[in-house]
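What follows is a short report on a single structure.
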Amino acid sequence: MVFACSEYKLESALDEDGAMDTGRGSTSDGDGDDTAVPSSYDGAITGRICDPSGGGWIVGAYVYTMIDTDGDGEGDTKVEDSTDEFGRYRLSGLPIYRDYEVVAVKGSFTASYEVSVREGTTEIPDDECALDPPNIAVVTGDFDHIEDIIDEMGLEFTEFRGTGGSTEYRDFLTDSAAMSEFDIIFVNCGASTEWLTTHREEIRGNLRGFVEAGGSLYASDWAYYFVELPFPGKIDFYGDDSSAGDAQYGWLGLVTANVVDPVMQAIVGSTSASINFDLSSWAVSESLSPDVDVLLQANVEVMDLWGGRSVIPNAPIAARFDMGAGRVIYTAFHNEHQETTTIDMREILEEIILSL
């Protein structure tokens, strides 16, 4: 993988009131300092970015091009922007009568465009908006089917069975070379935990190596040990983190979550979202390491052994962290059986897929 995460750019697309600024575009010399753009540089490139199916505009994609300011044939000044809630971007302050390569990045999804700027604003047609998809692997599970959403988004994937006593997922995760052929690995809630007794250290090391080398990993609910074991201390789960399954005490119900991530806020159109836990015994996380980003948090109820319930305030129900060149996302909610019965859940899960 060449490109890493890009969501950090969206914060610069929000004004002080949290509203999306659609007339952005900045120029940087690559060291973080803005450089003055000569007034004669009046060219611009605009366009939109959509998902690979062309069915939805992508928020928070990082878009940039390079200017060769000293004539040595190498780009040395970066002009950059991030897409707004309608997928739009604008790269301004470009010298006219030049050709540019425009690069768009959203997680593992990328695209590049060759654009000739002759004068004024050059617009890339909407029918050229799609990002190229990454290579995706899915480990199946009994209680989640993230692959249904991936398929509905028009993305191809390779499935490795993780249920019904199959060893297919285990053979895959013990083969680091096979894993390296993919950009993203999804592990569904209800995937087998047999690996914890038969191939614990091998799979732990392979998952960590996959992420550090630039791969992205997603795990949901009961699959939390695919995150906990390779990356201990990143997420503090309820109960004893050294014991697989000890975090599975979440109580069923509809919760109103606080949407912390600015990209998700733009997608949902709110700082709150309805998240449905329609089954009890889901895996609860209590807190995060300082270098882990909370995406959503909520006051959640947990059960005790005597049938009582208590509340954990502001529990992170979706979290993200980067390790090496790669990324990890964990969600306590998922597609099934804790179904995407709310529009918010569907939109958030789609954003998670695109941001990996």
Side-chain angles (χ1 to χ4, degrees), residues 1-11 60-62 105-110 134-139 146 160 169 172-189 191 193 195-196 199-237 241-242 244 247 260-264 283 285-297 315-332 334 348-349 351-356:
M1 295 175 61
V2 177
F3 300 105
C5 52
S6 59
E7 283 71 23
Y8 74 95
K9 281 294 298 171
L10 187 70
E11 295 184 4
Y62 178 44
V105 185
K106 175 72 172 183
S108 301
F109 297 75
T110 64
N135 292 327
I136 297 173
V138 174
V139 175
I146 192 68
F160 297 91
Y169 83 98
F172 170 57
L173 296 178
T174 54
D175 187 344
S176 60
M179 293 171 63
S180 69
E181 296 178 4
F182 295 92
D183 301 296
I184 310 173
I185 296 175
F186 292 85
V187 185
N188 280 303
C189 172
T193 57
W195 66 280
L196 290 170
H199 293 77
R200 181 186 183 97
E201 290 306 308
E202 187 176 7
I203 290 179
R204 180 201 67 79
N206 283 353
L207 287 171
R208 187 178 182 93
F210 170 76
V211 172
E212 289 179 338
S216 291
L217 173 67
Y218 170 84
S220 65
D221 198 2
W222 283 13
Y224 76 94
Y225 231 63
F226 286 87
V227 173
E228 170 59 29
L229 192 62
F231 310 100
K234 291 294 186 181
I235 302 176
D236 180 19
F237 289 94
D241 284 2
S242 66
V260 179
D261 179 67
V263 177
M264 291 182 180
S285 53
E286 295 187 273
S287 62
L288 306 175
S289 172
D291 58 349
V292 178
D293 297 324
V294 57
L295 304 178
L296 290 92
Q297 60 186 16
I317 59 174
R320 176 184 65 211
F321 62 88
D322 296 331
M323 175 66 67
R327 164 164 290 185
V328 178
I329 294 181
Y330 169 77
T331 63
H334 48 74
I348 288 168
L349 287 171
E351 163 58 22
I352 286 172
I353 292 168
L354 291 168
S355 69
L356 284 163

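Nothing here was measured: the structure is a model prediction, and the numbers come from that model. One-based numbering along the sequence shown.
- Scanning all heavy atoms of the two residues, the minimum distance from A315 to S285 falls at CB-O, 3.4 Å.
- The two residues F109 and P134 make their nearest non-hydrogen contact at CE2-CD, 3.3 Å.
- One distance of note links CE of M264 with CG of L296; it measures 6.0 Å at 0.5 Å rounding.
- Nearest heavy atom pair, residue D241 against residue F237, reads OD1-O, 2.9 Å.
- Atom-to-atom distance recorded for S216:OG and M323:CE is 13.0 Å, nearest 0.5 angstrom.
- Partner R320 forms a side chain to side chain contact (heavy atoms under 4.5 Å, CB included) with one of D261, I352, V294 and no other, that one being D261.
- Between E351 and V263 there is a side-chain heavy-atom pair separated by less than 4.5 Å.
- For Y225 (side chain) and S242 (main-chain N/O), a donor-acceptor pair under 3.5 Å exists by modelled atom type.
- Residues satisfying the side-chain hydrogen bond (donor to acceptor under 3.5 Å, both in side chains) criterion with S220, sequence neighbours excluded, are D144.
- No donor-acceptor distance shorter than 3.5 angstrom exists from the side chain of D236 to the backbone of E286, with no hydrogens or angles considered.
- Centroid-to-centroid, the aromatic rings of W195 and F226 come within less than 6.0 Å.
- Between the side chain of S108 and the backbone N or O of L356 there is at least one donor-acceptor pair closer than 3.5 Å.
- With sequence neighbours left out, E201 forms a side-chain hydrogen bond (donor to acceptor under 3.5 Å, both in side chains) with R204.
- With Y218 as reference, T331 is the one residue of I185, V138, T331, V227 to meet the side chain to side chain contact (heavy atoms under 4.5 Å, CB included) rule.
- The minimum heavy-atom distance between F172 and A137, with the atom names listed, is CZ-CB, 3.9 Å.
- Taken to the nearest 0.5 Å, the CG atom of N188 stands 13.5 Å off from the OH atom of Y169.
- Here the shortest heavy-atom pairing between S355 and R327 reads O-NH1, 3.0 Å.
- Contact annotation: the side chain of N206 never approaches that of L173 to less than 4.5 Å [non-hydrogen atoms, C-beta and beyond].
- Panel note: side chain N135, backbone D183; no donor-acceptor pair is recorded below 3.5 Å.
- Contact record, G233 with S289: O-CB, 3.5 Å, taken as the closest heavy-atom pair.
- For Y330 and F231, the ring centers sit 6.0 Å or farther from each other.
- H334 is not listed as a side-chain neighbour of I146, based on a closest heavy-atom distance of 4.5 Å or more.
- A distance of 11.0 Å separates CG of L354 from CG of L349, quoted to the nearest 0.5 Å.
- Looking at residues two or more places apart in sequence or on another chain, you find no side-chain hydrogen bond (donor to acceptor under 3.5 Å, both in side chains) involving E202.
- Not one N or O on the side chain of R200 forms a donor-acceptor pair closer than 3.5 Å with the backbone of L229.
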